[in-house]
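Here the structure is laid out as structure tokens; the discussion comes afterwards.
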Number of protein chains: 2
Amino acid sequence: MSDPEWRTVRPVRTHEQVLTQIQQKILDGRLRVGDRLPSERELGEALGVSRNSVREALRVLESMGILSAQVGSGRDAGSTVAGRSTAALSNLLRLHMALSQFSQNDLVDVRIELERLAVARAAAGADVGDLERLRALTRAMAEPGMDYERFHELDSEFHIALARASDNALATDLMQALRDAVKGEMIAAFRRVRDWDVMVSTLTEEHLAILRAVEAGDGKEAAELVTRHIKGFYAAVGDAQE
Amino acid sequence: MSDPEWRTVRPVRTHEQVLTQIQQKILDGRLRVGDRLPSERELGEALGVSRNSVREALRVLESMGILSAQVGSGRDAGSTVAGRSTAALSNLLRLHMALSQFSQNDLVDVRIELERLAVARAAAGADVGDLERLRALTRAMAEPGMDYERFHELDSEFHIALARASDNALATDLMQALRDAVKGEMIAAFRRVRDWDVMVSTLTEEHLAILRAVEAGDGKEAAELVTRHIKGFYAAVGDAQE
DNA sequence: GGTAGCCTGTGGTTGGACCATAAGCACTGG
DNA sequence: CCAGTGCTTATGGTCCAACCACAGGCTACC
């Protein structure tokens, strides 16, 4: 035959079949968050494959944040459907970034867009609790004697809280993953800052301004502020982003 | 002690240690795309763990698109660092979407922002080849007798080509992953359209308008057009996104 | 009634065996 | 000399059988 796909006929590996079966159950809604899977041994027997192959599939799903495994006996033991995405996402992004699949620049641009989306939505209708949390974070960041690690943590929390206030779970998770993936570079950038105290107060002021715009319901202004906030920072540390 | 982290002392599993070692090598730049890893057996011996544990780690990395495994002997055999992110990303997103971690709405909103970023950047400086490819795709979409699957494919290619023209690899991959994750819903939405031919010509017209704006270097206009393009579609199929 | 200790189910880990595949290599026949 | 053919070897793919550690439930003993 003239079929050009002769060479591509890779046999489907066993653990991939197991993977497909479980994934299909999730996609069909037959498996939902909190559900418990059969034990590795049962699963292997049911699918006619070895426990090793089952384990490989389960480990993959676990690395994706889809499953969580617990040893022991009783209700909580075994593999249960988890649905925690951020750690898996950030890990994935970080590794691919290290492999130069994406540049720091790419990442910053995407981050800006996500943050714009977040603040615009947050301004449109943020929860009272979210706003209170944001205020508390700005207060915490204004405290004197802030070190790099601690400030980064609060800074991240502020931006993520902003995203959470936008009520878009995907944007929130993505942003958290992106921030997580560049955490190391971020702290390194902090260290390069000449006048740290000035930087802290500048950033904190900007946070306050963003928060005020959100509280005022001015999404457009908040989006502009957050854009300048991010671009300004990268300009100041002279890294990526002209 | 008052340390509340008593219960969280889960022992690190063997395959996680292997995973960490390899990931660290990638993060440090000691492993790059194209590099070949030792064989599973060697790796196990070197790290003092069983081959099974090594395999679990490798399968995880493979599922992340970081590695690719080939049987046999010679140069190409064994595990090599791959760096293909889109399939892994879309798989991850699709599953978490099925687990209701994100709604279709979330996804559309993020997509809009990514597309806005893409067209704005593309307008700022698209490659001649990219533009030619985009023109070819609009021509292909205008051909009569387009079925759902085929149109979706061309539509996706158009938007991804747009992203590629933006020269932001992360945005491109994310967009492709997002589109991939909702492919099924998308085609289902197509089927619900009453007058398919009208829909096709409308969408194709909009694509042309976006392309013209990009060619003219008008990023702002292109961004607006693409936003209306996406929102208009979802409004027309009466699904998600008011 | 409480508690200590056994029982059982679960993931975690190991070692060994065998298979299929694909490349390299040596032999052999033209 | 060269081409083909089969052996060798390195690799991932798969399975099995066993053992461990842990956690919850159960039971028997005090």
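- The CG-P distance, from A:L61 to C:dG11, rounds to 14 Å in whole Å.
- Of the candidates C:dG12, D:dG13, C:dT10, the closest approach to any side-chain atom of A:A77 belongs to C:dT10.
- At a threshold of 4.0 angstrom between heavy atoms, the contacts of A:R51 include nucleobase atoms, whether or not backbone atoms are also involved.
- Within 4.0 Å (heavy atoms only), A:E16 reaches no atom of the nucleic acid at all.
- Backbone-only contact: B:G74 has heavy atoms under 4.0 Å from sugar-phosphate atoms and none from a base.
- Each of C:dT14, D:dG13, C:dG11 was ranked by its minimum atom distance to the side chain of B:E40; first place goes to D:dG13.
- One interatomic measurement links the two molecules: CG of A:L43 to C1' of C:dG9, which rounds to 15 Å at whole-angstrom precision.
- Which of C:dG12, D:dC16, C:dT13 sits closest to the side chain of A:A69 comes down to C:dG12.
- D:dG12 atom P lies 8 Å from atom CG of B:L58, rounded to whole Å.
- Listed nucleotides: C:dG11, D:dC15, C:dT14. Nearest to the side chain of B:V49: C:dT14.
- Panel note: side chain A:R32, backbone A:V81; no donor-acceptor pair is recorded below 3.5 Å.
- In this structure, A:R41 places its CZ atom 11 Å from C1' of D:dC20, rounding to the nearest Å.
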Evaluate the side chain to side chain donor-acceptor pair (under 3.5 Å) criterion for residues A:H207 and A:D155: first the C-alpha distance (whole Å), next the side-chain angles of each, then the deciding distance (0.1 Å), finally the verdict. CA-CA 9 Å; A:H207 284 173; A:D155 185 36; 3.0 Å; yes
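- Taking only side-chain atoms of B:S73, from C-beta outward, the nucleotide of D:dA10, D:dT11, C:dG9 with the closest atom is D:dA10.
- In this structure, CG of A:D76 is placed 13 Å from P of C:dT10, rounded to the nearest angstrom.
- With DNA chain D read from its 5' end, the first of the two nearest nucleotides for B:E42 and A:N52 is the one closest to B:E42.
- C:dC25 atom C1' lies 16 Å from atom CZ of B:R75, rounded to whole Å.
- Taking NZ of B:K183 as the start and CD of B:E149 as the end, the distance is 5.5 Å to the nearest 0.5 Å.
- Relative to the side chain of A:S79, the nucleotides C:dG11, D:dT14, D:dG13 differ in distance, and C:dG11 lies closest.
- Among the nucleotides C:dT13, C:dG12, C:dT21, the one closest to any side-chain atom of B:H15 is C:dT13.
- A:R36 has its CZ atom 11 Å from the C1' atom of D:dG24, to the nearest Å.
- The A:T14 side chain lies nearest to D:dT14 when the options are D:dT11, D:dT14, C:dT14.
- Side chain of A:S156 to main chain of A:E153: no donor-acceptor pair is present (N/O by atom type, distance under 3.5 Å, no hydrogens or angles).
- In this entry the distance linking CZ of A:R55 with P of C:dG11 reads 8 Å, nearest Å.
- Nucleic acid contact class of A:Q17 (heavy atoms, under 4.0 Å, all strands): none.
- Ring geometry for B:F190 versus B:H152: interplanar angle over 60°, hence perpendicular rather than tilted (30 to 60°).
- Interatomic distance, CG of B:L107 versus CE of B:M97, reported as 5.5 Å (0.5 Å rounding).
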